[in-house]
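Shown next, in structure tokens, is the structure this report addresses.
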Amino acid sequence: MVLAYSGGLDTSVILKLLQERLKAEVITVTVDVGQQDDFAEIEEKALKFGAVKHYTVDAKKEFVEEYVFPAIKANALYGGEYPLATALARPLMAKKLVDIAKKEGADTIAHGCTGKGNDQVRFDISIKSLYPEANVAAPVREWGLDRAWEIDYARKHGIPVKEGIYSVDENLWGRSVEGGILEDPSTPPPEEIYAWTVSPEKVSQPEDIVIDFVKGIPVALDGEKVDAVKLIEELNFLAGRHGVGRIDHIEDRAVGIKSREIYEAPAAITLIRAHRDLEKFVLTKWVLEFKRLVEEKWAWLIYHGLWFEPLKAGLDAFIDHVEASVDGSVKVRLYKGHAMVVGRESPHALYEHELATFEASDYDQSMAVGYINLFGLQSILASRRALGGR
Ligand code: ARG
């Protein structure tokens, strides 16, 4: 078997259980998508508790270029708020697990997801899409494991437990925090749960940054070309120190449960805001209107684990086509939890000063009258009828 292994409580317990109950030979796989973990320590732990082999896969560059960049182009926010950090990383992890399973001749891929969340949906569908012959094992879900039982089992088997009260998932695109007091949706999140952002009320100096985009993708920060991973890391730091990217919202999970979710996503919120502004500058109003529908569907598909669904590729084709002209720079002011766009430039801008100005210009104002009469024709007629007129 190949097991998606984070080194946390669930996957450590599973590693032991799979050997004990199924006599399985387990290969553990940890995919590095930018979480702040000690990967050498994770490997050591896996081998110590019986993994026959361990892989650490550095997928940071692939994650940013193949998963995060399309999300920026799609301005992807599920429920209008969640930048999808966890949801974007799951199909990439599934791909790595499948590659290793095929290479090692493993017939089963195991993960530590519960039966309550979205991650099981994302893992199962992605794995089955890429490797239909494989079995998927989800011991927490199948054997109904709970936290108290797991902690007890871990203690009995000498597995170190350093789990806090919160359930945290982290990658370059964001950090999610669930559990504990956060399960009471009426209580404001305690400051202790935040790790990437300072409290917005504590910062007093505004800071302006400039982000350059080429074909909808961020390529430079303050005029300097930066590599994809570095750019996201840098923006998490810069925007995070202004308290940008804290999200507290109610989410509709794939399985129907409503949950209270806390996220920190400073780079994601800053980049999507800047990118959306640039699009408004260069795309026609018809493209913008239609793209909103595409974006909503794109985020919905990713959230629900349908990364490999043909509709997603179709939407990407539309998005890539219209992003061809999304080049330019956006100036963003970071201040007290806000990332405000305060300036934009583009060689493809559809903004014409000559047209927009209040000063005298060649624009023939008399053209507007015919347009308004025809445009309003039916609405005016309908109102007249409603008033009893003809
Ligand atoms: N609600 C978020 C999502 O569905 C976060 C999930 C966090 N996952 C985790 N295993 N802690 O994408």
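We count ligands from 1, going down the list as the structure has it; atoms in each ligand are counted the same way. Heavy-atom basis, side chains included; hydrogens, waters and symmetry copies ignored. The structure displayed is predicted, hence computed values, not measured ones.
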- Message: Could you go through Asn118 and Arg90, starting from their C-alpha distance and side-chain angles, then the distance that decides it, and tell me whether this counts as side-chain contact (heavy atoms from CB on, under 4.5 Å)?
- Response: CA-CA 10 Å; Asn118 299 309; Arg90 296 315 188 198; over 6 Å; no
- Message: Once you restrict to heavy atoms under 4.0 Å, what part of His249 touches ligand 1? Side chain, backbone, both or neither.
- Response: neither
- Task: Give a yes or no on whether a salt bridge exists between Glu323 and Lys291, defined as a side-chain N under 4.0 angstrom from a carboxylate O.
- Result: yes
- Query: Does the separation of the ring centres of Trp307 and Tyr67 fall below 6.0 angstrom?
  - Reply: yes
- Message: Polar contacts were defined as any N/O atom of the residue lying under 3.5 Å from an N/O atom of the ligand; does this apply to Glu251 and ligand 1?
- Response: yes
- Query: N/O of Glu261 under 3.5 Å from N/O of ligand 1, yes or no?
  - Reply: yes
- Inspect the contact between Lys156 and Asp152 and indicate whether a charged nitrogen and a carboxylate oxygen are less than 4.0 angstrom apart. yes
- Item | Numbering as shown, the atoms of ligand 1 that approach Arg122 to under 4.0 Å (heavy-atom distance) | 3 (C), 4 (O), 12 (O)
- What distance separates Ile14 CD1 from Thr28 OG1, expressed to the nearest 0.5 Å? 12.5 Å
- Among all protein heavy atoms, pick out the one at the shortest distance from atom 2 (C) of ligand 1; state its residue, atom name and that distance to 0.1 Å. Tyr263 OH, 3.1 Å
- Query: Which residue from Tyr78, Tyr303, Tyr82 reaches closest to atom 12 (O) of ligand 1 through any of its heavy atoms?
  - Reply: Tyr82
- Message: I want to check a possible cation-pi pair here: Arg253 against Tyr303, using under 6.0 Å from ring centre and within 45° of the ring axis as the test.
- Response: no
- Report yes or no: does Glu178 have a heavy atom closer than 4.0 Å to ligand 1? yes
- Item | ring pair (Phe, Tyr, Trp, His ring centres under 6.0 Å) contacts touching residues 135-158 (sequence neighbours left out) | Trp149-Tyr153, Tyr153-His157
- Item | Protein heavy-atom partner closest to atom 11 (N) of ligand 1 - residue, atom, separation in Å | Ser167 OG, 3.5 Å
- Message: Check Lys60 with Asp227, please: is the shortest side-chain N to carboxylate O separation under 4.0 Å?
- Response: no
- ligand 1 contact on Tyr166 by region, counting heavy-atom pairs under 4.0 Å: neither
- Item | Candidate with minimal heavy-atom separation from atom 6 (C) of ligand 1, of Val177, Ile262, Thr86 | Thr86
- Nearest protein heavy-atom contact for atom 8 (N) of ligand 1: which residue, which atom, what distance? Asp119 OD2, 2.8 Å
- Item | Ion pair check, Glu62 and Lys96, cut-off under 4.0 Å | yes
- Which segment of Arg260 sits under 4.0 Å of ligand 1 when only heavy atoms are counted: neither
- Message: I'd like to check which ligand 1 atoms, numbered from 1 as shown, lie under 4.0 Å from a non-hydrogen atom of Arg90.
- Response: 10 (N)
- Nearest protein heavy atom to atom 4 (O) of ligand 1, by residue and atom, and its distance? Asn118 ND2, 2.7 Å
- Task: Kindly write out the residues that satisfy side-chain contact (heavy atoms from CB on, under 4.5 Å) with Ser186, not counting sequence neighbours, or none if the list is empty.
- Result: Asp184
- In this structure, atom 7 (C) of ligand 1 is nearest to the protein heavy atom Ser176 OG, 3.4 Å
